[in-house]
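Everything on this sheet refers to the single structure shown next.
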Amino acid sequence: MARKHGKDKGIIEIPKGSGIWWVDISIDGQRRRWKVGSKTAAKAFYQKLKVEAMEGRLFPEKYERKRVMFSELAKDRLALVTAHHSRPKGENHLIERWLIDFKDMDASKITPSMIENVLTEIKQEGKAPATVNHHLELIKAMYNKASRDGLLSVNPAAKVKKYKLNNVIVRYLTPQQEVSLFESLSNTYHPIVKTAINTGIRQGELLRLTWDDIDWNTGILTVKKSKHGQAHRMPMNSLVQEVLSEAFKNRKTDRIFPHDNSRMRKTFEKAIKAAGLAPFRFHDLRHTFASRLAMKGVNDRTLMTLGGWKSPAMLNRYAHLSPTHLWQAVESLTEITPSRRDFSNATATKTATEEIYKKGENS
C-alpha cells in the first residue's frame with residue numbers, strides 16, 4: 001500500500017472516527033470513490049483496483065457508480081434537518097417543492113439549467129426573491145452532502161446564481177400606531193408584544209422562554225438558543241420587568257408566554273388589519289425596537305449587541321430613522337450657520353414643516 005505523508009494513500013475515513021473507510025482514486029482524469037467498510041477491506045480493494053488499472057481493466061461496469069436518485073438526497077436532508085434543527089417543518093415545504101420536479105430523476109443528470117427553470121417557476125408562483133433563494137440554498141446543501149459522502153462528484157446548483165435582494169424594509173411602529181395596535185389587540189397578547197417592542201426578541205424565541213430564563217437580580221432575560229444557535233442575554237428595561245413581574249404572579253405554566261403559535265399569529269394579523277397597519281408582521285416589532293434605539297442616539301456597536309446582529313449590514317436592515325428625526329437632524333444645521341439671514345417667518349416655517357413630517361409619520 002502506497003503511503004503519503006505517513007498516511008495510506010487512496011483510502012479515507014468518512015467521517016473521521018466512524019470506522020467507515022472509502023477508496024478514493026483518480027485515473028486518467030476520472031475520480032471515483034467507493035464506500036467499502038473496514039480499513040483492511042479498503043486496502044485490499046484499493047490494491048485490486050491498482051492492479052486492474054495497470055492491466056487496463058479499471059472501471060468495468062461492475063464498478064460503475066451506483067445511480068443516486070434525487071429522492072434519496074431529499075430523504076437524507078430531511079433526516080439531517082429533523083435531527084439537528086428545532087423547527088424542521090421550516091424546510092419540509094422547500095424539500096417537497098424540489099421533489100415535484102426531480103423526485104424520480106437520477107441526481108447526477110440534473111443540470112444547472114434545470115434548477116434555474118424550477119427557480120423561475122417558483123418566482124412566477126408569486127414567491128419573493130428571498131424565498132426563491134432559500135430553495136436554491138437548500139438544493140445546494142443537499143448536493144454538498146452527497147458530494148461529501150462520495151455519492152456524487154458534481155454540484156449543479158453551485159453554478160446557479162441567487163436573486164438580488166432589496167432587504168431595506170422600512171416597517172416600524174410610531175407611538176401613535178402602537179396605541180392603535182394595542183387598542184385592536186386582545187389583552188392576552190399585550191405582554192408578549194410589549195416585550196418584543198422593548199427587547200427585539202424574535203417571536204419563536206419569545207414563545208420558547210421559560211421563567212428559569214429570567215434573572216430577576218440582574219434584570220437579564222436569556223434566550224438560550226437564538227436563531228444563530230447561540231445564547232443571547234438581553235437586559236430588561238423597567239417596562240419589561242413590570243410586564244413580566246405581573247405575568248409571573250398569574251403564571252400557570254413554565255413558559256412565560258404560553259401561546260399557541262398559529263393562534264397568536266392569526267390574532268396579531270387580525271389586530272393589524274383592524275388598526276389599519278397592514279402590511280405589518282410580528283417580526284417588524286424587531287424593526288421597531290432597533291429603530292427607536294437608533295433614534296435615541298444609541299451607537300451601532302451597542303445596537304448590534306442588543307439585537308444580536310453580526311454585522312452593520314444586518315443592522316441596517318432593521319434600524320430606520322423616522323422622517324421627523326431625519327428632518328430634525330438637517331434642521332439643526334441652521335442653528336450654527338453664520339450666514340443665515342433672520343427671516344421674519346423662519347419660526348413659522350419651521351413649525352409648519354414639523355407638523356407636515358409628524359402627519360406623514362403618523363399616517
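What you see below is based on every heavy atom in this structure, not just the backbone, and it leaves out hydrogens, waters and symmetry mates. Sequential numbering from 1 along the given sequence is applied to the chain's residues.
With rounding to the nearest 0.5 angstrom, the CD1 atom of I192 is 11.5 Å from the OG1 atom of T188. Separating the CG atom in L239 from the NZ atom in K194 is a distance of 6.5 Å, to the nearest 0.5 Å. To the nearest 0.5 Å, atom CZ of residue R208 and atom CG of residue D213 are 10.5 Å apart. In this structure, CG on L152 lies 9.5 Å from CD on E72, to the nearest 0.5 angstrom. Between atom CD1 of residue I14 and atom CD1 of residue I12 there is a gap of 3.5 Å, rounded to the nearest 0.5 Å. Taking OG of S245 as the start and CG of N250 as the end, the distance is 11.5 Å to the nearest 0.5 Å.
Within a 6.0 Å radius of CG in D260, more than 12 heavy atoms belonging to other residues, nucleotides or ligands are found. Other residues, nucleotides and ligands place more than 12 heavy atoms under 6.0 Å from the CD atom of E121. Residue-environment remark: NZ (K140) exceeds the threshold of 12 foreign heavy atoms within 6.0 Å.
Here the closest heavy-atom approach between residue W98 and residue L138 is recorded as CD1-CD2, 4.0 Å. Of all the heavy atoms in F102 and V118, the pair that sits closest is CZ-CG2, 3.7 Å. Here the closest non-hydrogen pair linking G19 and E13 is N-OE2, 2.7 Å. In plain terms, the two heavy atoms of H232 and T305 that are nearest each other are CE1-O, 3.2 Å. Taking each heavy atom of Q241 and G219 in turn, the nearest pair found is NE2-CA, 4.3 Å. The shortest heavy-atom contact between L206 and A196 is CD1-CB, 3.8 Å.
A salt bridge links R292 with E178: the distance from a Lys NZ or Arg NE/NH1/NH2 to an Asp or Glu carboxylate oxygen falls below 4.0 Å. Using a 4.0 Å cut-off between a side-chain N of Lys or Arg and a carboxylate O of Asp or Glu, R265 and E269 qualify as a salt bridge. Remark: E137 engages K162 in a salt bridge, criterion side-chain N to carboxylate O under 4.0 Å. We find that R97 and E125 are joined by a salt bridge, their nearest charged nitrogen and carboxylate oxygen being less than 4.0 Å apart.
Under the 4.5 Å side-chain criterion, counting only non-hydrogen atoms from C-beta, I214 is in contact with I256. Side-chain contact between R148 and K145 is present, with heavy atoms from C-beta onward closer than 4.5 Å. In this structure the side chain of K161 never reaches within 4.5 angstrom of the side chain of E116, judged on heavy atoms. By the 4.5 Å heavy-atom criterion applied to side chains, T111 and M114 are counted as neighbours. Side chains of H135 and L119 form a contact here, defined as non-hydrogen atoms less than 4.5 Å apart. L306 is listed as a side-chain neighbour of P235, based on a closest heavy-atom distance under 4.5 Å. With a 4.5 Å cut-off on side-chain heavy atoms, I11 and F45 do not count as touching. Between D215 and T222, every side-chain heavy-atom pair lies at or beyond the 4.5 Å cut-off.
Under the 4.5 Å side-chain heavy-atom criterion for grouping Ile, Leu, Val, Met, Phe, Trp and Tyr, M105 is connected to I95 within one hydrophobic cluster. Clustering ILVMFWY residues whenever any of their side-chain heavy atoms sit less than 4.5 angstrom apart, transitively, puts V179 in a cluster other than the one holding I272. In the hydrophobic clustering of this structure, W216 groups with V223; members are Ile, Leu, Val, Met, Phe, Trp, Tyr whose side-chain heavy atoms approach within less than 4.5 Å, directly or through other members. By the criterion of side-chain heavy atoms lying less than 4.5 angstrom apart, applied directly or through intervening Ile, Leu, Val, Met, Phe, Trp or Tyr residues, I139 is not grouped with V154; the two fall into different hydrophobic clusters.
Under the 3.5 Å distance criterion, the side-chain polar atoms of T174 are matched with a main-chain donor or acceptor of Q177. Panel note: side chain T131, backbone K127; no donor-acceptor pair is recorded below 3.5 Å. Between the side chain of D284 and the backbone N or O of Y172 there is no donor-acceptor pair closer than 3.5 Å. S147 places no side-chain N or O within donor-acceptor distance of the main-chain N or O of Y143, the cut-off being under 3.5 Å. In this structure a side-chain-to-backbone donor-acceptor pair under 3.5 Å is present from S18 to P15. In terms of modelled atom types and a separation under 3.5 Å, the side chain of H190 and the main chain of F182 share a donor-acceptor contact. Remark: the backbone N or O of L207 is paired with a side-chain donor or acceptor of R255 at under 3.5 angstrom.
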Taking it one step at a time, do F282 and V193 satisfy side-chain contact (heavy atoms from CB on, under 4.5 Å)?
CA-CA 8 Å; F282 191 97; V193 172; 4.1 Å; yes

Report the C-alpha distance between R77 and L73 in whole Å, list the side-chain angles of each, state the deciding distance to 0.1 Å, and finish with yes or no for side-chain contact (heavy atoms from CB on, under 4.5 Å).
CA-CA 6 Å; R77 178 64 184 182; L73 304 190; over 6 Å; no

side-chain contact (heavy atoms from CB on, under 4.5 Å) for F70 and L99? Distances and angles first, verdict last.
CA-CA 8 Å; F70 183 83; L99 286 172; 4.1 Å; yes

Output, in order, the C-alpha distance, side-chain angles, deciding distance and verdict of side-chain contact (heavy atoms from CB on, under 4.5 Å) for F289 and I201.
CA-CA 9 Å; F289 165 77; I201 297 176; over 6 Å; no

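F248 and W211 have their aromatic ring centers within a separation under 6.0 angstrom.
There is a side-chain donor-acceptor pair under 3.5 Å between N299 and T302. Side-chain N/O atoms of S108 and D106 include a donor and acceptor closer than 3.5 Å.
The aromatic rings of F268 and F280 are tilted relative to each other, their planes meeting at an angle between 30° and 60°.
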